[in-house]
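Every chain is numbered from 1 and lettered A, B, ... according to where its sequence line falls, protein lines coming before strand lines. As the structure is a prediction and not an experimental result, all values here were calculated from the model.
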Number of protein chains: 2
Amino acid sequence: MAATVKDVARRAGVSPRTVSNVVTGTTRVADATRARVEQAIAELGYRPNAAARNLRRGRTGMIALVVPELDQPYFAELARATIAAAERHDYRVMLEQTDAAESAERRVFAADQDSTLFDGIIFSAVEIGLSDVRSISQARPVVLLGERSFESAFDHVAIDNVAAARTAVQHLIDLGRTRIAAIGAQDDHDTARLRTLGYTTALRDAGQAVDPALIESTRRFHRADGAEAMARLLDQGEPPDAVFCYSDVLALGAMHTLHTRGLRIPEDVAVVGIDDIEDGRFSHPPLTTISPDKEYIARQAVDRLIARIGDRELAAVDLVAPSELVVRQSTSGTP
Amino acid sequence: MAATVKDVARRAGVSPRTVSNVVTGTTRVADATRARVEQAIAELGYRPNAAARNLRRGRTGMIALVVPELDQPYFAELARATIAAAERHDYRVMLEQTDAAESAERRVFAADQDSTLFDGIIFSAVEIGLSDVRSISQARPVVLLGERSFESAFDHVAIDNVAAARTAVQHLIDLGRTRIAAIGAQDDHDTARLRTLGYTTALRDAGQAVDPALIESTRRFHRADGAEAMARLLDQGEPPDAVFCYSDVLALGAMHTLHTRGLRIPEDVAVVGIDDIEDGRFSHPPLTTISPDKEYIARQAVDRLIARIGDRELAAVDLVAPSELVVRQSTSGTP
DNA sequence: TAGCCTCTTTGCCACGTTGCAAGACACCTG
DNA sequence: CAGGTGTCTTGCAACGTGGCAAAGAGGCTA
C-alpha cells in the first residue's frame, strides 16, 4: 500500500493538512516544519494520489488531442508540439486516434464516456461531424483544428487553406507549368474542399482552364493514396507537368510513382505538397511545400482550450495560423 | 455541474447504489429497473466521474508509454500499436516524450511524481539508466522495450539485435559488397552496441576485415544525423560500397546525401536500415530493411504489463520479438 | 399456509485529497 | 501588560464512486 498524507503526517508529527500545504505549496509553511515533512515524504516515498486530487479539485489536468492517425507525420509533429504547449500549463495530453470515419464514432463516444478524464478536447479529426462535436461540447470545452464549415460555433485554429493552396499553385504557374494536377480532393472534407477552391482560383486567375480530369480524389491521405492517384493521372492520355498535393505524404506517394515510371522531378513533373513534414526535407528530391506553423497552431489551441476551461462562457474565436511556401528541389530543379 | 449517480438515482426513483450497479454491470439488475435508470442517465447526460472511480477502485486504467520522440516514425508506429493493444484490455495509453538525456530525467521524474496517474509504464526510452528505472519500478510495474544491459531485473521485449544486424550485413555481403560501412554506432547505447556487434560478427564470419573508419557514430537517430554521417564516410579517401544503418531514418538521411553527391543507389552504394517504417516503402529507391514485428512488441509489452499490474510478484521475462529482412530496391537494384 | 430460497435492491462507509475558516502561537506596540 | 497583528497550523467536511453484506420482495415447495 502506498503512503498517504496521513502516513506522512504521522511520521512528521504534523496534521495531514500541513502535509498537503507543503506538497501543494499554496500556503505558507514554516521552514522547520517543511523540512520535517519533506524528510518524511522522502523516507516514505510518498506520492500524491492523482485520483484523489482530481476528485477533490474537480479537474484532471489532462486534455485530449484527437487525431486521425498518430503515425501520420503531420499529426505526430502536431502531437509533439501540443504536448510541449500543454506542458507549459502543467497540463498533460492524452492522444486519441480515430483511424477512420466509422471507428471515429466509436472513439468519440468512448472519449465522451470517460469524459471526466479530460478537462477539454482538441479535435484534429476530419471525420467528425457537427453533431458529434456538439454532443461532446456540451460536456466539456472543445477546440477544433483544421477547417470546418460550422466553425463559428467553436474555437478553431487553422491556416488559410484557400490562400495556402493558391500560393502553392501560383508557384507552379510561375514556373511555367500549364497542366497542373491536384491530388487529394474530397467532397466531404472541409479542408480538402478549400484547397480545391484555392487550386481552381489560382488557375482561373492565371487564365488557365480547370480540367476536372486533373483533379484526383483520394479516400485517405496516405502515401499509397498519393501513389495510386499519380498512377491514374499518368495513365490518362496527356500527363500533367506539375502536381499540387493536399499533403506532403500524398506528395511523397506521388513522387514514388513518378520515380517508378521513370519520370524526372521536377523536369517532367514538378511536385508541391502541404504540411512541411520532416520526410519531405530528406526525400529525393526534397519536397517543395506549404509550411504551416505547427507550434503556433498547437500553442494557440492549447492556450485557447485552457482559457475556455477556466471560463466556459468565452466567445468562440477563429484563429488563422501562419503558413509559408518553402521551395525545394521538387519544383525548383536540381541545384 | 455534471450529473452524479445521486442525481440519476433521484430521477429514476432508485438508490445511488442501483445506478452504480447498472453502470458497471457487475450485479444483476431487473430489466425494468435497468431501463428506468438508463433513461435517467440519458436524460441527465450522466457520465461516470473518472477521478472518483479511480480513487475508489485504486487503479486508473491508464498506462504510460515513454518514448524518446513521438515524431520519429518508428515510435509513432509503435505508439499506435500500443494504443491498440491497450484498448483490448480497456486501458488507455498516455504518451510521454523524453527528447534527450537531460530532458529525460526531468520527464521521468515528472512521471514519477504523478505516478499514481498510471497503473504501469512501458519504457522505450534509450537514455534512461538502471537507477532511474529502478526508482520508478518501486512505485509501479515497468516493462522495457529495446535492449538493456540490466535486462534481467525487468520485463523486457526486444528483437534479437545481434541477429538482426548480422542478417542485414550478411545480405550486403551476399550482394558482393566488400566495403560495408555502419551508421549509428553509439557507445553508451545498448541497442546500438548490439547492432555493432552483429555488424562486426557478420563481417568477420565472411572473412572481411573490420575497418573502424567505416563505423560512423551518430549522436541521435535523426535523418540529419544519417545525412551527416554519410557525408563523413564519403569525404574519407575510399568510399564504401554499402552502408548498414541502425535505423531507417538514418538510412533515409544517408540516401539523401548519396543523392546530393550524385551517387547511385544501389549501384554505387547499397543501403539497408532497420525498423521498416512506412517512409522507407515509398522512398526513392524503396529501402531494404529489417522489419521488427511492432504489433508483437506492443502486444507483448501491454499484456505483460497488465499481467504485472495484476500480480506485482511475477518473475521478469525476456521476450524476443520476431524480425525479418525485407529486400527492396535500395540493395537489390532497380526493378 | 408456513417456511425457505432466490433474485433485487439498499445503506453505510471509505478511498486520499484539499477548501474553508477558525484556532494557536509568538511577537510587537503603546 | 493588554490588545493587536501576523504567521503558521489544524479540524472538519465533502468530492463521487463501489465493496460489502444485509434487508426486502416475491415465488415456490411441502
Close N or O pairs between protein and nucleotides 6-8 of chain D (under 3.5 Å):
residue	atom	partner	partner atom	Å
dC8(D)	OP2	Arg28(A)	NE	3.0

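Between Leu314(A) and Arg304(A), some side-chain heavy-atom pair lies under the 4.5 Å cut-off.
The CE atom of Met94(A) sits 11.0 Å away from atom CD1 of Ile83(A), with the distance rounded to the nearest 0.5 Å. A distance of 11.5 Å separates CZ of Arg299(B) from CG of Leu319(B), quoted to the nearest 0.5 Å. Taking CG of Leu55(B) as the start and CZ of Arg56(A) as the end, the distance is 12.0 Å to the nearest 0.5 Å. Phe123(B) contributes atom CZ, which lies 9.0 Å from atom CD of Glu96(B) (distance to the nearest 0.5 angstrom). Taken to the nearest 0.5 Å, the NE2 atom of His89(A) stands 13.0 Å off from the CG atom of Asp119(A).
With sequence neighbours left out, the side-chain hydrogen bond (donor to acceptor under 3.5 Å, both in side chains) criterion links Tyr296(A) to no other residue. Every residue two or more places apart in sequence or in another chain was checked for a salt bridge (charged side-chain N to carboxylate O under 4.0 Å, His left out) with Glu295(A), and none qualifies.
Between Leu55(B) and Arg36(B), the residue whose closest nucleotide on DNA chain C is further toward the 5' end is Arg36(B).
If you check the side chains of His222(A) and Glu278(B), you find no donor sitting under 3.5 Å from an acceptor.
Direction of the helix axis in the helix from dT1(C)-dA30(D) to dG30(C)-dC1(D) shifts by 50° between the two five-pair termini, rounded to 10°.
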What is the per-nucleotide protein-contact pattern of nucleotides 17-22 of chain C, from the 5' end, where B denotes a base atom under 4.0 Å from a protein heavy atom, S denotes such proximity for sugar-phosphate atoms only, and - denotes neither? BBBB--
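A straight line from CG of Leu117(B) to P of dG16(C) spans 16 Å, rounded to a whole angstrom.
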Just list the side-chain donor-acceptor pairs under 3.5 Å for residues 36-43 of chain A, sequence neighbours left out, or say none.
residue	atom	partner	partner atom	Å
Arg36(A)	NH1	Ala12(A)	O	2.7
Gln39(A)	NE2	Glu43(A)	OE2	2.8
Glu43(A)	OE1	Arg11(A)	NE	2.5
Glu43(A)	OE1	Arg11(A)	NH2	3.0

